[in-house]
Amino acid sequence: REDEMTAACCPRRRVVKLTSVLTLQDEISERGHEALREMLRDHSFVGCVSPQWALAQYQTRLYLLNTTCLSEELFYQILICDFANFGILRLSEPAPLYDLAMLALDHPESGWTEEDGPKEGLAEYIVEFLKRKAEMLADYFSLEIDEEGNVTGLPLLLDNYVPQLEGLPMFVLRLATEVNWDEEKECFQSLSKECARFYAIRKQYVAEEDHEKEECESSPVSWKWTVEHILYKAFRSHLFPPTHFSEDGNILQLANLPDLYKV
Amino acid sequence: SQNIKILQIPFSMKTLKLKYRKHMKSDLLYKEELCLIHHL
């Protein structure tokens, strides 16, 4: 919290004294696992299995790590710890909330049924609803919505990292439906969780053809480069992994040298 | 506010719509594949 720079290498321009945010920061510290943090801090990156899974070595042990879940937790912690101090990723073209909401409602994952009423009406409601929250979203989260109901800017959470924009429609829908807008702490928590979900790297948004492009592995635009040099680098310095990661298979020990010697 | 770091990122609603619909299709195929594996 005392660092002068944020995870996105922006100068920390505001000191946050909101009890709700300070409590959420304390909760991150309380559920953190010190040994896992040490492992992440000192690991050697081995390679990507897929956009979702990667291998890392720590001391004599080899681990399989769920990059999607770890990156989601990383972005949640950045949203809470760098709260109200984000830079802005300005979209080169405004994104109409109405179109984004309609795209999301067309997706089966939205769970839309005819009983919910026409999609057009829901999309219009989402636009008006989020426009009313625009001032707070811009001030605390650098999420910019203009008066015409377009998304114009997204928070810059991590240096050199841009979220996969295919996740933007579902993010907009979930902002309106999954965030608790009534209680301050729950609002910041659920909003940060939805934003982190959007920013986490997702296998389905990495095009199939890109999986096979070995020649692009060293290019700064490839997903493999981003995973290794942006995400895992940030895991070393900015992620305090929660204890449950060692129990739910998100950080899984595959092998250790002493046992392999025996074999 | 003059200290805020602002970066411009390329975005096109037309491209997003195309990519999104493509992903939607592959998501459905993936789910059908999972159902088939489960059935087998």
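Small disclaimer: the values here were computed from a predicted structure and weren't measured. In the text below, chain A, chain B and the rest are named by the order of the sequence lines, each starting its count at 1.
Using a 4.5 Å heavy-atom threshold, the side chains of A:D99 and B:L16 count as separate. For the pair B:Y20 and A:M170, the minimum side-chain heavy-atom distance is below 4.5 Å. Side-chain contact check for B:I6 versus A:L89: every heavy-atom pair is 4.5 Å or farther apart. Residues A:R13 and B:I4 are in side-chain contact: their nearest non-hydrogen atoms beyond the backbone lie under 4.5 Å apart.
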Worked verdict on A:L103 versus B:K17 for side-chain contact (heavy atoms from CB on, under 4.5 Å): CA-CA 7 Å; A:L103 273 180; B:K17 282 181 181 175; 3.9 Å; yes
Derivation and outcome, side-chain contact (heavy atoms from CB on, under 4.5 Å), residues B:I9 and A:L165: CA-CA 10 Å; B:I9 54 168; A:L165 294 172; 4.3 Å; yes
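Within the model, atoms CZ of B:F11 and OG1 of A:T152 stand 11.5 Å from one another, a figure rounded to the nearest 0.5 Å.
Using a 4.0 Å cut-off between charged side-chain N and carboxylate O, B:K5 and A:D159 make a salt bridge.
Counting heavy-atom neighbours within 6.0 Å of A:K233 NZ, excluding the residue itself, gives a total of 12 or less. The neighbour count for B:K19 NZ, taken as heavy atoms of other residues, nucleotides or ligands under 6.0 Å away, does not exceed 12.
The contact between A:D106 and chain B is made by backbone and side chain atoms together, counting heavy-atom distances below 4.5 Å. Looking at A:L156, the atoms closer than 4.5 Å to chain B (heavy atoms on both sides) all sit in the side chain, from C-beta outward.
Heavy-atom minimum distance, A:E93 versus B:M13: OE2-N, 3.0 Å.
Checking side-chain atoms of B:Q8 against main-chain N and O of A:L91 turns up no donor-acceptor pair under 3.5 Å.
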